[in-house]
Amino acid sequence: MGTSSTASLPGAEEDQEPRSVSTSRDALWVSGARLVSQLCGIGTLLIAARVLSPADVGVFAMVSSAVLLQSKIAEAGWSEYLIAAPHDRELPGTVLYCALTSGLAFTILGLIGLAVSLVWLAPTGSIFVTLLLLMATIVPGTFIICQSGVLVRGRRLRELASYQAASEFLGLLVTTGGLLLGWGIVALAAGRCCVVLVALLMSTGFARWLPRFEFHLTTAREALAYSTRLLASRLMQFAQSYGAEFLIVFFIGAAEVGLYRMASRIVGAVTELISEPVRMLAWSYFSRQQSATGSGAEGLSRLMGLIMAATAFAALPVFMGLAVISEQLVSVLLGVQWLAAAPVLILLAAARGIAVIQMLNEPVLSIIGRVALLPRLNMLFTATSLACLAIAGWIRPDLVNIAVAQVVAAALTTSVSLYFLQRGTGFRWPSLLRRILPAGLGACVMVGTVGLALHMAGGSLHLPLVDLFMGVVVGGLAYVVIAWSSGRALMAELNHVTGAQ
């Protein structure tokens, strides 16, 4: 309980400058923890790909997704409620015990489902143990998010980042050891249990929020209503991330889910590296533009065109390059047994490349006062994606066909994004296309150069690692030359516009 009172103490005026520096450092800590989490997640998948079959990975993907859905529902809103609680009052212990009750309820629900599956589906021993281990993380997960809320509320982001990075790294070690010892998919569940256990101990040690048991009905109702409002958003995010996998296992099978999961994870990791800088720059530039005097609609329109063109310069070569070296990348990272994932990786990279402009939806629509559109757009995009996938699976239940549906969904949703971005900022299509054209042509030349180099060397090398290295180096050099010659004017104009503001 002492944590809440300490967190609410306002700093003295003379401490404002050090606090500003501390905030910047905290942001770096959080970014570093996110990077560690991404690397550990990718490392886990790569090691699992070397030890497990696509079918095993697919089975774990479905099992873990089912439990993750329960966790998302059980955890929704409690942390946010604590963060938003008034700082002049003591944190209500009722919220913690409501969260734990929610986690316990969904754990019991999962155990009932597991009991039913034993009768009707007769799962193997490894699947049964995996489910038990994963369901054991639901209740601790609700406790952890409450401790996280206390840390965020007190601006103690370094502690938050520390336990997140440490737990993910130790989980990776446990998963790797289990896989090498032959535990199969149980090793993945054991790694997840390690992550939760370490996070539980460290977050509790940092936050030290262990209130006496109390239950006030008014507080419980208010917290539950707050949690319910956030639940719809969480469910949409879950459907966007995992809806395709559920549809794939329904139409095709578990092995195809494993192939899709690996291809999607590789493309997703690359997307993360691009999306975060793009969002941060967009937030920064557009917020400056809105606060600038005399910039007006013309300045907003011009800045929008420049940001979109810069995003295309950053993203198009990455996604197109990822597609052209897909076979070499899959062979080196995952192994030859996963080569069937290469066509899926190509199509998913194309889908992410088409949808790259959607990264600007949140910062732009928020800054221009159209934030109410965001949940509606997310709902529309999720429904469109799932509808395209369902139609593709119904027409022809094939993994490549499912991936093609993602490309179609990306094209449709990006069209909607561009419509609302154009209405909100008034950017001009001729000017935008003129700025983006060099990026597209440069990416095409880069792809052609890499393809030619791989074709000329493929007959003699037959070494995926050498081919991959050569493709990355040749493609990188080709695009650097093109970007230097055609992108300098764009960056100079962007620097001029943002610097003038």
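Note: hydrogens, waters and symmetry copies are ignored here, and every other heavy atom, side chains too, is used. Computed from a predicted model, the values in this text were never measured in an experiment.
Among residues at least two apart or in separate chains, there is no salt bridge (charged side-chain N to carboxylate O under 4.0 Å, His left out) pair with a member in residues 395-424. Annotation: side chain to side chain donor-acceptor pair (under 3.5 Å) contacts involving residues 334-349, sequence neighbours excluded, are absent. Applying the side chain to side chain donor-acceptor pair (under 3.5 Å) test to every pair with at least one member in residues 61-75, sequence neighbours left out, gives no pairs at all.
For A136, there are no side chain to side chain contact (heavy atoms under 4.5 Å, CB included) partners two or more places apart in sequence or in a different chain. Residues meeting the side-chain hydrogen bond (donor to acceptor under 3.5 Å, both in side chains) test with S126, sequence neighbours left out: T124. Residues meeting the ring pair (Phe, Tyr, Trp, His ring centres under 6.0 Å) test with W429, sequence neighbours left out: F427. Residues satisfying the side chain to side chain contact (heavy atoms under 4.5 Å, CB included) test with F420, not counting sequence neighbours, are L373, L377, V416. Annotation: side chain to side chain contact (heavy atoms under 4.5 Å, CB included) contacts of L111 (sequence neighbours excluded): T107, L132, M135. Listed by chain and residue number, T271, I274, S275, V278, V356 satisfy the side chain to side chain contact (heavy atoms under 4.5 Å, CB included) test with M359 (two or more places apart in sequence, or in another chain).
The CG atom of L347 sits 13.0 Å away from atom CZ of R352, with the distance rounded to the nearest 0.5 Å.
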Taking distance alone, no hydrogens or angles, what donor-acceptor pairs closer than 3.5 Å link side-chain atoms of residues 402-411 to residues at least two apart or in another chain?
{"residue": "Q406", "atom": "OE1", "partner": "S385", "partner atom": "OG", "Å": "3.3"}
{"residue": "Q406", "atom": "NE2", "partner": "Y260", "partner atom": "OH", "Å": "2.6"}

For residues 170-187, tabulate all N or O donor-acceptor pairs below 3.5 Å that involve a side-chain atom, not counting sequence neighbours.
{"residue": "T175", "atom": "OG1", "partner": "G171", "partner atom": "O", "Å": "2.9"}
{"residue": "T176", "atom": "OG1", "partner": "L172", "partner atom": "O", "Å": "2.8"}

Show me the donor-acceptor pairs within less than 3.5 Å that the side chains of residues 47-54 make with the rest of the protein, sequence neighbours left out.
{"residue": "R50", "atom": "NH2", "partner": "V332", "partner atom": "O", "Å": "2.5"}
{"residue": "S53", "atom": "OG", "partner": "D56", "partner atom": "N", "Å": "3.2"}
{"residue": "S53", "atom": "OG", "partner": "D56", "partner atom": "OD2", "Å": "3.2"}

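Within 6.0 Å of CD in E327 there are 12 or fewer heavy atoms belonging to other residues, nucleotides or ligands.
Checked by atom type, the side-chain pair Q164/S37 shows no donor-acceptor distance below 3.5 Å.
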